[in-house]
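A short worksheet on the structure shown next.
Note that the numbering runs from 1 along the sequence shown for the chain. In listed order, ligands and their atoms are each counted from 1. From a predicted model like this one, the values you see are computed outputs, not experimental measurements.
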Amino acid sequence: MRILSGIQPSGALHLGNYFGMMRPAIELQERGDAFYFIADYHSLTSLSDPDVLRRNTRDVALDFLACGLDPARTVFFKQSAVPEVTELTWLLSTVTPMGLLERCHSYKDKTARGLAATHGLFSYPVLMAADILIYDSNLVPVGRDQKQHVEVTRDVAVKFNLAYGETFVIPEPEIREEVATVPGLDGQKMSKSYGNTIEIFAEEKAVRKKIMGIVMDSRTPQEPKPDADRNLAVQLLKLVAPADTARDYEERLRAGGLGYGDLKKKLFEAYWEHFAAARARRAELVAAPDYVDGVLRDGAAKARDLASTVLRRARRACGLD
Ligand code: AQP
């Protein structure tokens, strides 16, 4: 089974990225042949500073490796190190109905939030289809926000196969219900562009301030809170704390007697502890830039090998060769 997933270097990675995609992807390394990439072509739809793109790309590599991506098992590479994917994007775009792209939420959401309405942003799902299909991927671990794009990929692959004969594997999304949409500091989906994130690796003081600043309602600590399961800090605590700790805090909040300040303090402590080992590993990786470069270089060579084979198959199928 081949597993494929990507992450944009469009800003610092956060708990939504980690629990929605990185952790499931890291666990899936054990179950198959994993290909994970840093989606730098994609991030050009929202980033226009070359230095920032270079720095973010490096940071994503460090973050993913620190969190447990194992380059001995997984092919890890920069999307743009495999330019074959852009050629496949063109082939796929010729069978992609406009209506399919027009129905995608992401374009509407992002332009509504002020991103430039470019062709790249509009056709992003076709590049994503190429990302997935060019590695004959079977499984794509993603957060719920990407489900529609994996469905577009499936539709495009079926269209191409119908037009030119069996060429592409039809992939399945893998979405974990319990972390399908991790909420941000304001309760909306945690997202780099909403400014509501808790980064995986940020300065202690800055994250503490963010967590302690989560706005709660004005009920007194003594008041029982029957809606404790909907409390944002409880929801986040369930992700980062041991299950019995999270359950205990939820029960104490429900019963009354636990103040929001103490709950947020616990959330910060659990968050800090959850990523302690990864933080130490990241510091080691920062000091080993040649190692990180080597991982990405080796990954790109392996990815390119497979991508060229699949691209050749597609070129032959549609008559270019
Ligand atoms: N809040 C979230 N809950 C669950 N999964 C999430 N993902 C992102 N946010 C959440 C998943 O992370 C993977 C990589 O995402 P991405 O950075 O490539 O793009 P994104 O989904 O657009 O992430 P952001 O933070 O929301 O970035 P911006 O603001 O730049 O658009 C994907 O699998 C995604 O589902």
Under 4.0 Å from any heavy atom of [X], which atoms of ligand 1 are there?
{"X": "T181", "answer": "3 (N), 4 (C)"}
{"X": "V142", "answer": "33 (O)"}
{"X": "M190", "answer": "1 (N), 2 (C), 9 (N), 10 (C)"}
{"X": "K189", "answer": "1 (N), 9 (N), 10 (C), 21 (O), 26 (O)"}
{"X": "V179", "answer": "4 (C)"}
{"X": "G20", "answer": "4 (C), 5 (N)"}

Using a 4.0 Å heavy-atom threshold (strictly under), name the region of [X] that reaches ligand 1: side chain, backbone, both or neither.
{"X": "L13", "value": "neither"}
{"X": "M21", "value": "side chain"}
{"X": "H14", "value": "side chain"}
{"X": "S106", "value": "neither"}
{"X": "I7", "value": "both"}
{"X": "K110", "value": "side chain"}

K238: salt bridge (charged side-chain N to carboxylate O under 4.0 Å, His left out) partners, not counting sequence neighbours: E250
Sequence neighbours left out, what passes salt bridge (charged side-chain N to carboxylate O under 4.0 Å, His left out) with D217? Give chain and number order.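 Checked D217 against salt bridge (charged side-chain N to carboxylate O under 4.0 Å, His left out); matches are R219.
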Step by step, would you call Y135 with F77 a ring pair (Phe, Tyr, Trp, His ring centres under 6.0 Å)? CA-CA 13 Å; Y135 301 109; F77 58 101; 5.5 Å; yes
Which residue owns the protein heavy atom closest to [atom], what's the atom, and how far is it?
{"atom": "atom 4 (C) of ligand 1", "answer": "A180 O, 3.3 Å"}
{"atom": "atom 30 (O) of ligand 1", "answer": "S10 OG, 3.3 Å"}
{"atom": "atom 19 (O) of ligand 1", "answer": "Q8 NE2, 3.6 Å"}
{"atom": "atom 28 (P) of ligand 1", "answer": "S193 OG, 3.6 Å"}
{"atom": "atom 3 (N) of ligand 1", "answer": "V182 N, 2.7 Å"}
{"atom": "atom 26 (O) of ligand 1", "answer": "S191 OG, 2.5 Å"}
{"atom": "atom 32 (C) of ligand 1", "answer": "Q146 CG, 3.8 Å"}
{"atom": "atom 20 (P) of ligand 1", "answer": "D145 OD2, 3.8 Å"}

From CA spacing to verdict: salt bridge (charged side-chain N to carboxylate O under 4.0 Å, His left out), D63, R282: CA-CA 7 Å; D63 291 357; R282 195 181 190 285; 2.6 Å; yes
Take H105 and D109, measure what side-chain contact (heavy atoms from CB on, under 4.5 Å) needs, and give me the verdict at the end. CA-CA 6 Å; H105 307 301; D109 292 350; 4.1 Å; yes
Taking the cut-offs as 6.0 angstrom to the six-membered ring centre and 45 degrees off its axis, would you call R252 and Y249 a cation-pi pair?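 Yes, cation above the ring, under 6.0 Å and within 45°.
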N/O separation below 3.5 Å, [X] to ligand 1:
{"X": "S46", "result": "no"}
{"X": "R113", "result": "no"}
{"X": "G16", "result": "yes"}
{"X": "G143", "result": "yes"}

Using only heavy-atom distances, determine whether the side chains of K192 and S10 contain a donor-acceptor pair under 3.5 Å. yes
Going by atom types alone, do D131 and Q79 pair a side-chain donor with an acceptor below 3.5 Å? yes
Looking at [X], I want to see if its [atom1] is surrounded by more than 12 non-hydrogen atoms of other residues, nucleotides or ligands under 6.0 Å.
{"X": "E273", "atom1": "CD", "value": "no"}
{"X": "K159", "atom1": "NZ", "value": "no"}
{"X": "K78", "atom1": "NZ", "value": "no"}
{"X": "E204", "atom1": "CD", "value": "yes"}

Would you check, one step at a time, whether the test side-chain hydrogen bond (donor to acceptor under 3.5 Å, both in side chains) holds for T57 with D40? CA-CA 7 Å; T57 302; D40 52 353; 5.1 Å; no
Salt bridge check, R247 against E251: does any charged N sit closer than 4.0 Å to a carboxylate O?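 So E251 does not pair with R247 through a salt bridge.
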Within the distance-only criterion (no hydrogens, no angle test), does the side chain of S5 pair as donor or acceptor with the backbone N or O of P141 below 3.5 angstrom? yes
Nearest option to atom 23 (O) of ligand 1, as decided by whichever heavy atom of V60, T45, N17, L15 sits closest: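 Nearest option to atom 23 (O) of ligand 1, by heavy atoms: N17.
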